[in-house]
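Scroll down for the structure; my scribbles are underneath it.
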Amino acid sequence: MTAIGALLLCSCLGLLRPGGGQPFLRLRPSPSDNLPVKDIVEHPDPEYDPKEQDLDERTLRKKLGSHFDPGFMAVAVPGPANASGAEAAAAAAGRARGALPAELRRLELGAPPHGPRLRVGKKARRKVLQWLWAYTYCPVLYTWKDLGVRFWPRYIKEGNCFAEKSCSLPEGMFCKPVKSVTKTFLRWHCQGWSSQKYCTWIPVQYPLISECKCSC
């Protein structure tokens with residue numbers, strides 16, 4: 001059965017696993033199937049923060065090199081991203097006007113599991129398939145997240161799956177992450193305590209949702 005065909009038949013019983021707690025001084029986000037990454041709980045002592053001389057943008061850009069991606073990271077407070085329900089609806093409407101995928105075009109609308117075969121005209125069939133194409137759409141919605149002063153750049157454009165409603169008929173399936181990408185940031189890392197500690201910027205990888213899909 002195709003993935004889209006299953007949308008008409010499948011109901012889900014599973015629930016998303018809740019995220020666990022995070023310890024102080026965690027160095028980097030842990031690899032996880034549960035994206036987006038949970039907030040890192042930092043040690044509250046400002047002694048572990050980088051000082052003004054540690055935040056020279058030219059030096060940090062040089063250290064990060066080609067990993068700096070202005071599409072997904074920002075040094076200053078960025079403008080709003082597209083994380084609203086209205087944006088998701090607009091994207092779905094745009095998708096409905098596009099070309100239908102092959103597996104959806106093969107869907108038999110006039111062949112119910114019980115009862116006589118129904119006659120569906122070409123125009124009505126296309127409208128129903130376009131509606132299904134839009135209804136089952138799972139866009140990645142982006143918001144800017146402040147990682148705090150111990151990351152550079154400190155702002156990351158993080159993806160989430162639109163999950164305000166079920167994406168299947170009958171209801172039960174929801175939009176979930178199916179693919180991710182990693183972006184490299186600099187992480188302020190300290191070793192030792194008090195006057196004996198040594199701190200420096202080190203590269204760390206941060207996973208981001210890149211594709212969502214309607215699934216159980």
Task: Atom pair NZ (Lys213) and NZ (Lys176), whose distance is rounded to the nearest 0.5 Å - done: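 Atom-to-atom, Lys213:NZ and Lys176:NZ are 12.5 Å apart.
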Task: CD on Glu164 to CG on Leu141, rounded to 0.5 Å - done: 8.5 Å
Under the side chain to side chain contact (heavy atoms under 4.5 Å, CB included) test, residues paired with [X] that sit two or more places apart:
X: Ser166; value: Ser168, Glu171, Phe174
X: Cys175; value: Cys138, Cys161, Cys167
X: Lys127; value: Lys123
X: Asp56; value: Arg58, Thr59

Open item on the list: Quick check: is Phe162 connected to Val178 through a chain of hydrophobic side chains (ILVMFWY, heavy atoms under 4.5 Å apart)?
Closed with: no
- [ ] Give the cluster check for Val37 versus Val181: same hydrophobic cluster or not, with ILVMFWY residues linked at side-chain heavy-atom distances below 4.5 Å.
- [x]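 Yes, because Val37 and Val181 connect within a single hydrophobic cluster, where side-chain heavy atoms sit under 4.5 Å apart.
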Shortest non-hydrogen contact from [X] toward [Y]:
X: Pro153; Y: Ala74; answer: CB-O, 3.3 Å
X: Pro207; Y: Leu35; answer: CG-CD2, 4.0 Å
X: Thr184; Y: Pro203; answer: CG2-CB, 4.0 Å
X: Cys212; Y: Val140; answer: SG-CG2, 3.7 Å

Open item on the list: Atom NZ of residue position Lys179 - does it have more than 12 heavy atoms of other residues, nucleotides or ligands inside 6.0 Å?
Closed with: no
- [ ] Tell me, with the steps shown, if Trp201 and Leu55 meet side chain to side chain contact (heavy atoms under 4.5 Å, CB included).
- [x] CA-CA 10 Å; Trp201 290 103; Leu55 294 168; 3.7 Å; yes
Open item on the list: Can you pull out every salt bridge (Lys or Arg N to Asp or Glu O under 4.0 Å) where at least one residue sits in residues 195-207? Sequence neighbours excluded, please.
Closed with: Glu47-Lys197
Are any non-hydrogen side-chain atoms of [X] and [Y] less than 4.5 angstrom apart?
X: Thr136; Y: Met173; value: no
X: Val149; Y: Trp188; value: no
X: His43; Y: Arg150; value: yes
X: Leu64; Y: Met73; value: yes

Task: By salt bridge (charged side-chain N to carboxylate O under 4.0 Å, His left out) - contacts of Lys63 (at least two apart) - done: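 Result, salt bridge (charged side-chain N to carboxylate O under 4.0 Å, His left out) vs Lys63: none returned.
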Open item on the list: Going by salt bridge (charged side-chain N to carboxylate O under 4.0 Å, His left out), name the residues that satisfy it together with Asp146, two or more places apart in sequence or in a different chain.
Closed with: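 Testing Asp146 for salt bridge (charged side-chain N to carboxylate O under 4.0 Å, His left out), a comparison that skips the adjacent residues, returns Arg154.
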- [ ] Would you kindly say whether Tyr206 and Glu158 are connected by a side-chain donor-acceptor distance under 3.5 Å?
- [x] yes
Open item on the list: Tell me every residue that passes side chain to side chain donor-acceptor pair (under 3.5 Å) with Asp54, counting only those two or more places apart in sequence or in another chain.
Closed with: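 For Asp54, no residue satisfies side chain to side chain donor-acceptor pair (under 3.5 Å) once neighbours in sequence are set aside.
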Task: Between Phe72 and Tyr142, ring centroids under 6.0 Å - done: yes
Task: Verdict with reasoning, Ile156 to Phe151, per side chain to side chain contact (heavy atoms under 4.5 Å, CB included) - done: CA-CA 10 Å; Ile156 184 171; Phe151 281 87; over 6 Å; no
Open item on the list: Between Leu208 and Lys157, is the side chain to side chain contact (heavy atoms under 4.5 Å, CB included) condition met? List the steps.
Closed with: CA-CA 9 Å; Leu208 297 170; Lys157 191 165 75 170; over 6 Å; no
- [ ] Would you please test Trp152 and Val75 for side chain to side chain contact (heavy atoms under 4.5 Å, CB included) and show each step?
- [x] CA-CA 7 Å; Trp152 195 92; Val75 177; 3.6 Å; yes
TODO: Just jot down the ring pair (Phe, Tyr, Trp, His ring centres under 6.0 Å) partners of Tyr155, sequence neighbours excluded, or say none.
DONE: none
